Structure formats: structure tokens, C-alpha cells
Amino acid sequence: QGQLVESGGGSVQAGGSQRLSCEASAFTYNHYCMAWFRQGPGKERDVVATIDVTGRTSYYADSVKGRFTISRDNAKNTVNLQMNSLKPEDSAMYYCAAAVVRSPVCPAPQPGFFGDWGQGTQVTVSS
């Protein structure tokens with residue numbers, strides 16, 4: 001198993017932007033679908049976005065479409081999440097996740113399909 005390390009969390013005011021980064025190491029990064037999930041207090045862990053092995057196909061939760069952008073740099077083994085127009089309801093612990101795949105396509109955007117997880121980074125959006 002590899003290691004995923006997130007960075008870039010913190011506090012921001014509503015309407016602002018924040019960029020999260022995740023660095024993957026110790027595994028064959030190019031064979032993994034990458035994703036960001038988030039979990040608020042007392043809530044389930046839900047998908048924010050996924051990106052396939054090639055970086056060409058992404059999936060977004062309806063709540064973040066048009067505001068968040070996921071990207072990956074396979075040469076640097078990193079995946080990023082650009083978050084714009086942040087809302088207080090975006091406040092949560094954000095987790096980077098990876099799922100080994102046999103094709104470029106990502107699995108269903110559910111936590112159970114992702115086997116590697118980072119430790120999480122907190123994002124707090126104040127109104």
C-alpha cells in the first residue's frame with residue numbers, strides 16, 4: 001500500500017477559494033483512480049470528485065459542480081482540488097483517496113471502492 005499526504009486545508013471566508021493537494025508515494029500511482037472525499041461532523045463520508053488514470057475524465061458531486069475542479073499530475077504523483085466560491089456547508093475534513101484499477105475508468109464514487117486514504121485536512125468556511 002502507498003501513502004497519501006494531503007495539504008492545503010485551513011480557514012477561509014465564504015466566497016473565497018482554497019486549493020488542496022495530495023501527494024502519493026510508494027505505489028504505482030498511474031494505476032490508480034484518485035478522489036477527494038469529505039466528512040462533516042456527524043455526517044457520512046461523501047465523494048467530492050474523482051479523476052481517472054489519464055486525468056481526462058472526472059466526476060463531481062452535484063453540490064460542488066461548477067465550483068470545484070480536480071486535477072492530477074502523473075509526473076509528480078499529485079492530485080489537486082481547486083475549490084472556488086466556497087460555502088459554509090463545504091466545511092469538512094477532506095480526504096484524498098486512491099483506488100487501484102485495471103482500466104483507466106474509476107470505480108463507483110463510494111468510499112468502499114477506495115483502498116488507500118490520506119489522514120485528512122480540515123477545511124472551514126465561515127460566513
Side-chain angles (χ1 to χ4, degrees):
Q1 281 189 324
Q3 184 179 12
L4 301 171
V5 179
E6 302 99 335
S7 61
S11 297
V12 63
Q13 288 195 328
S17 298
Q18 205 161 48
R19 183 178 177 86
L20 304 183
S21 293
C22 173
E23 183 174 357
S25 62
F27 58 81
T28 310
Y29 174 77
N30 288 356
H31 293 171
Y32 282 74
C33 165
M34 301 301 295
W36 287 95
F37 286 79
R38 67 186 181 187
Q39 188 169 17
K43 297 182 179 180
E44 294 184 348
R45 188 171 297 189
D46 292 325
V47 69
V48 175
T50 69
I51 189 165
D52 74 344
V53 172
T54 67
R56 298 191 191 104
T57 301
S58 54
Y59 166 90
Y60 294 94
D62 288 343
S63 59
V64 306
K65 280 182 182 176
R67 301 187 298 123
F68 290 12
T69 302
I70 189 171
S71 62
R72 67 189 292 165
D73 185 335
N74 287 348
K76 296 181 179 179
N77 284 7
T78 58
V79 59
N80 301 305
L81 184 68
Q82 178 65 42
M83 305 184 293
N84 299 328
S85 302
L86 283 161
K87 304 175 181 179
E89 51 264 43
D90 292 319
S91 297
M93 185 72 81
Y94 282 70
Y95 297 91
C96 177
V100 64
V101 291
R102 297 180 182 274
S103 74
V105 179
C106 280
Q110 299 170 9
F113 289 103
F114 290 79
D116 291 277
W117 293 84
Q119 81 287 352
T121 185
Q122 179 68 40
V123 173
T124 302
V125 184
S126 58
S127 57

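Since the model is a prediction, treat every value here as computed from it, not as a measurement.
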- [ ] Not counting sequence neighbours, which residues clear side-chain contact (heavy atoms from CB on, under 4.5 Å) with Ser11? List them please.
- [x] Thr124
Less than 4.5 Å apart, side chain to side chain, heavy atoms only: is that true for [X] and [Y]?
X      : Y      : value
Val105 : Asp52  : no
Pro104 : Thr54  : yes
Asp90  : Met83  : no
Val101 : Pro107 : yes
Arg38  : Val64  : yes
Ile70  : Met34  : no

- [ ] Please check if the side chain of Glu6 supplies one atom and the backbone of Gly120 the other of a donor-acceptor pair under 3.5 Å.
- [x] yes
Task: Glu23 side-chain N/O to Asn77 backbone N/O, donor-acceptor pair under 3.5 Å - done: no
TODO: Identify whether the distance between the nearest side-chain nitrogen and carboxylate oxygen of Lys65 and Asp62 falls below 4.0 Å.
DONE: yes
Task: Steps toward side-chain contact (heavy atoms from CB on, under 4.5 Å) verdict (Phe68, Leu86) - done: CA-CA 9 Å; Phe68 290 12; Leu86 283 161; 3.7 Å; yes
TODO: Check whether more than 12 heavy atoms from other residues, nucleotides or ligands sit under 6.0 Å from atom CD of Glu89, and answer yes or no.
DONE: yes
- [ ] Using only heavy-atom distances, determine whether the side chains of Gln82 and Asn84 contain a donor-acceptor pair under 3.5 Å.
- [x] yes
- [ ] Could you pull out all residues at least two apart from Asp46 that satisfy side chain to side chain donor-acceptor pair (under 3.5 Å)?
- [x] none
Open item on the list: Which residues end up grouped with Val47 if you chain together Ile, Leu, Val, Met, Phe, Trp and Tyr wherever their side-chain heavy atoms are less than 4.5 Å apart?
Closed with: Phe37, Tyr59, Met93, Tyr95, Phe113, Phe114, Trp117
